[in-house]
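Letters A, B, ... mirror the listed sequences (proteins, then strands); counts begin at 1.
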Amino acid sequence: MLLLLALTALLALTAGRCRAAAAAPVQDEQLEQLDDDEFDDEYADAVVVADPLEGFNRAMFTFNDRLYFWVLKPVARGYRFVVPQPVRIGIRNFFTNLMFPIRFVNCLLQGKFGASGEELSRFLLNSTVGLAGLMDPASYDRMPSHDEDFGQTLAVYGLGSGCYLVWPVFGPSTVRGTVGLVGDYFLKPTTWIFAGETEEGLAVFAGEKVNAVSLRLGDYESLIAAVLDPYVAVRNAYFQQRKKKIEE
Amino acid sequence: MRKRYGKITALLLTFAVLVLLPAGPGGAATQKPQEYLKARINDVLQALNDPDFLKDRKRLEEKLTKLFHEQFDIAYTTKLSLGRHWRKLTPKQRQEFVPLFADLLQSTYIGRLDDYNQQKIEIKYGKELIRGKKALVKTTIITEGKEIPVDYKLINRDGKWMVYDVIVEQVSLVRNYRSQFDDFLQKKSVEDLMAELRRKIAENLANRKKKQEARQ
């Protein structure tokens, strides 16, 4: 709890710094002057990122990169070799289903009552017919999932994103996203199931992570092959995805 | 009075152009962007599953490279990815830059297809939006229990719909490269950027070779 308070204080401090940085105007030269008349720039609304903590963020990014190549990837490969794919997909579905309270509560908080109803139906169907969530029959029934979280809720309430932050293990985020992660932490059933049993909780967290990585091996590698600067590419991808999710 | 007359002429002209152009002689009958894209994607899937190509990876690679150039308008993708920096390039630099960027995209695109192991790929075609010369086609790729939304932006070039941007899981390729090029060019020159592209392409080639040798 003390740690959380310290974290919140740190966030409040960095938020102040970020706002100052974000206020700097973006110099975009007149695109009309390009020598091509069909160059109507549909990309002019680029997401502008305040990243005053780039030094810290890059260090954390490198840490996560090493964590992937040195630890997660070898473990996930071994795991993939032993556990057949349908089982791994089942485990992923199980955890996705288990995290239902995050999506349900945040749909409600954003006033998306239809979506929260759909989430509830999905949860009931997948938990019963779908064998405790191992299967995802709701998706076959064309019931879409609504990937809402507390960070998005705060965005809907009008809170600015604050600057970009990269956390070890958790990866790309912002000040607002981090507060969202802390909020969602209390909505996770695993938080309450493993309350007071840190070791078991961590083991389950690690297991879920390895399982998820085993289904995505190769993605990060091809990203690195395609880009000039993985740090800038991941930061931009994060902001593009967040923007779309918040708009939805 | 004259002004009004002009207006009517313009209206008639516009009407004539609208009605006559699609049927006009030599006017390539434009396919719908979605149909066009579907045919191009099927070409790729067919090549990937062709038993003849499976035996001869070099021929498969040549085929995929050909398809890549037929379906992408790389010059336009490059222009958009460089954004405001495009203006700073001399004509000579532009001529050098476009094929370099094409090589980088192609090396990663084909590298990705190397990992393909005949697993089932299903593609669902969703909405299609057309605005003037440009179109957006939404698709979902379903493979190995994952649903990946992939949207294509296309531009009509003489009746052919060419892809100029791919949006995978809400991330636009053009936007992503624009952020990288912009970041790079704020610190270094265009020549440095081209050197970096060359280095990256060589690195990808070397990595692929290593991977292929390991497979044999």
- Check the surroundings of atom CZ in Phe170(A): do more than 12 heavy atoms from other residues, nucleotides or ligands lie under 6.0 Å from it? no
- Taking only heavy atoms into account, what residues of residues 74-90 of chain A are found under 4.5 Å from chain B? Gln85(A), Ile89(A)
- Interface moiety of Glu147(B) toward chain A, non-hydrogen atoms closer than 4.5 Å: neither
- Is there a side-chain contact between Gln170(B) and Lys243(A), using heavy atoms and a 4.5 Å cut-off? no
- Message: Quick check on Lys73(A): does its NZ atom have over 12 non-hydrogen neighbours (other residues, nucleotides or ligands) under 6.0 Å away?
- Response: yes
- Tell me, side chain or backbone of Ser107(B) under 4.5 Å from chain A's heavy atoms, or both, or neither? neither
- Query: For chain B, which residues from residues 222-230 of chain A lie under 4.5 Å away (heavy-atom distances)?
  - Reply: Ser222(A), Ile224(A), Ala225(A), Ala226(A), Val227(A), Leu228(A), Asp229(A)
- Find the one option among Thr108(B), Asn176(B), Val174(B) whose heavy-atom pairs under 4.5 Å with chain A are most numerous. Asn176(B)
- Identify the heavy atoms of Arg178(B) and Tyr43(A) that sit nearest to each other, and give their distance. NH1-O, 3.5 Å
- Message: Report, in residue-number order, which members of residues 185-196 of chain B are under 4.5 Å from chain A by heavy-atom distance.
- Response: Leu193(B), Glu196(B)
- Count the heavy atoms of every other residue, nucleotide or ligand shown that sit under 6.0 Å from CD of Gln46(B), and state whether that count exceeds 12. no
- Neighbours of chain B found in residues 123-139 of chain A - heavy atoms under 4.5 Å: none
- Message: Taking NZ in Lys112(A) as the centre, count heavy atoms belonging to other residues, nucleotides or ligands within less than 6.0 Å. Is the count above 12?
- Response: yes
- N/O donor-acceptor pair under 3.5 Å between Gln240(A) side chain and Ser172(B) backbone: yes
- Item | From NZ (Lys244(A)) to CD1 (Ile167(B)), nearest 0.5 Å | 7.0 Å
- Message: Let's go through Tyr177(B) and Asn236(A) carefully: what are the C-alpha distance in whole Å and the side-chain angles of both, what is the deciding distance for side-chain hydrogen bond (donor to acceptor under 3.5 Å, both in side chains) to 0.1 Å, and is it a yes or a no?
- Response: CA-CA 9 Å; Tyr177(B) 277 107; Asn236(A) 176 270; over 6 Å; no
